[in-house]
Number of protein chains: 2
Amino acid sequence: MEKTQALAALSALSQDTRLDAFRLLVKAGGEGMTAGAICEALGVRPNTLSANLSILLNAGLVSNRREGRSIRYFADMDRMNGLLGFLLEDCCGGNPEVCRPVLDTIARAC
Amino acid sequence: MEKTQALAALSALSQDTRLDAFRLLVKAGGEGMTAGAICEALGVRPNTLSANLSILLNAGLVSNRREGRSIRYFADMDRMNGLLGFLLEDCCGGNPEVCRPVLDTIARAC
DNA sequence: TCCATGTTTCCAGAGTTCATGAAACATTGG
DNA sequence: CCAATGTTTCATGAACTCTGGAAACATGGA
């Protein structure tokens, strides 16, 4: 991943509503959620959510698909993957024990 | 990790100079780097860097220690650990294959 | 065709963030 | 002590971000 993409992803995630929405979609997994369902879950107005989803979309962190009148959103785990790889690139200064716990945490989450 | 901390960390990382500085410190590992060395490596003015380091410090992503006239900074991998755990909490909607590549990427980085 | 529903776009104003120059502070050596 | 070095603090203006109301757009059903 390039720095520009990483910055876009990080700055997209560094806002309350967008972080909530993204994590909701991560939890939803392959099923995703419609914009309306996200609105309701988070208690955000449609126009505000729409603006925020489009920022996540632009950052490549989510994708979407029209489904009748609704639009369904999905977390893009590939992009997440790329972001984490970028952040931890060449980490630990050749001392793998330092960041072993990071691996364990993530293994536990999945 | 709580959402407030995660937001602070993400917003700290979502800025060019700070992302560079943090990644530099991740690469430096346990040795860390002095503020001056970071300045030189990134080509940033001391006051600008100082402001940005203090934001990383506040977010808990780096720590520091005075060393004579210099101040040495270190990436805090524990906080990074917490952040990744928070982002991937309950991920994949019960479908572990989806985020397996994320784990592989990180394992390769370390 | 017309209306209801779900979502996005546009606009404007309040608030936040950023880099910069100048000044202050802390530590070391003469 | 005093000067030099390394770093931080402060104040400022320009640029950016966020939210909310109003309006537009897309789809499906009567």
Side-chain angles (χ1 to χ4, degrees), chain A residues 3-25 28 31-76, chain B residues 3-25 28 31-76:
Chain A
K3 193 167 81 172
T4 314
Q5 294 179 305
L7 276 172
L10 289 165
S11 110
L13 290 174
S14 68
Q15 198 273 342
D16 199 79
T17 303
R18 292 195 295 267
L19 181 57
D20 283 345
F22 180 74
R23 295 212 312 146
L24 209 52
L25 290 173
E31 287 196 18
M33 288 176 77
T34 63
I38 302 173
C39 267
E40 198 171 356
L42 301 183
V44 184
R45 290 166 204 251
N47 55 353
T48 296
L49 182 69
S50 176
N52 284 315
L53 284 176
S54 96
I55 288 170
L56 287 169
L57 214 45
N58 250 290
L61 286 166
V62 306
S63 58
N64 66 1
R65 181 170 72 209
R66 181 169 278 278
E67 227 173 56
R69 280 194 269 233
S70 297
I71 296 183
R72 186 171 290 269
Y73 283 83
F74 307 88
D76 185 327
Chain B
K3 193 168 79 170
T4 314
Q5 294 179 306
L7 276 172
L10 288 165
S11 109
L13 290 174
S14 68
Q15 199 273 340
D16 200 77
T17 303
R18 292 194 296 267
L19 181 56
D20 283 345
F22 180 73
R23 295 213 312 146
L24 208 53
L25 291 174
E31 285 197 20
M33 289 176 76
T34 62
I38 301 173
C39 269
E40 198 171 354
L42 301 183
V44 184
R45 289 164 205 253
N47 55 353
T48 295
L49 182 70
S50 176
N52 283 315
L53 284 176
S54 97
I55 288 171
L56 287 169
L57 214 45
N58 251 290
L61 286 166
V62 306
S63 58
N64 66 3
R65 182 170 72 210
R66 181 169 277 278
E67 228 172 55
R69 279 193 271 233
S70 299
I71 295 182
R72 186 170 290 270
Y73 283 84
F74 307 87
D76 184 328

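A note on names: the letters A, B, ... follow the listed sequences, proteins ahead of strands, and every chain is numbered from 1. All heavy atoms count here, side chains included; hydrogens, waters and symmetry mates do not.
For the salt bridge (charged side-chain N to carboxylate O under 4.0 Å, His left out) test, residues two or more places apart in sequence or in another chain that qualify with A:R65 are A:E67. Scored by the salt bridge (charged side-chain N to carboxylate O under 4.0 Å, His left out) test, A:D76 finds no partners at all (sequence neighbours excluded).
Distances shorter than 4.0 Å separate some side-chain N or O of A:R45 from OP1 or OP2 on D:dG21.
A salt bridge (Lys or Arg N to Asp or Glu O under 4.0 Å) check over residues 49-58 of chain A, counting only residues at least two apart or in different chains, returns nothing.
D:dC18 atom C1' lies 14 Å from atom CG of B:L7, rounded to whole Å. Rounded to whole angstrom, the span from the CG atom of A:L19 across to the P atom of D:dC18 amounts to 13 Å. Separating the CZ atom of A:R65 from the C1' atom of C:dG6 is a distance of 17 Å, rounded to the nearest angstrom. Nucleotide D:dC18 holds its P atom 15 Å from the CG atom of A:L42, rounded to whole Å. Protein atom CE of A:M33 is 15 Å distant from nucleotide atom P of C:dG6, rounded to whole Å. Residue B:N52 contributes atom CG, which lies 8 Å from atom C1' of C:dC18 at whole-angstrom precision.
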Residue pair A:L25, A:L61: steps toward the side chain to side chain contact (heavy atoms under 4.5 Å, CB included) verdict: CA-CA 10 Å; A:L25 290 173; A:L61 286 166; over 6 Å; no
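Taken to the nearest 0.5 Å, the CG atom of B:D16 stands 10.0 Å off from the CZ atom of B:R18. Interatomic distance, A:L13 CG to A:I55 CD1, rounded to the nearest 0.5 Å: 11.5 Å. Taking CZ of A:F74 as the reference point, atom CE of A:M33 lies at 11.5 Å (rounded to 0.5 Å).
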Under 4.0 Å protein heavy-atom contacts per nucleotide of nucleotides 7-17 of chain D, with B for base, S for backbone only and - for none: SBB--------
Side-chain donor-acceptor pairs under 3.5 Å in residues 44-51 of chain A, sequence neighbours left out?
none

Provide a list of protein-nucleic acid N or O atom pairs under 3.5 angstrom, restricted to nucleotides 11-16 of chain C.
none

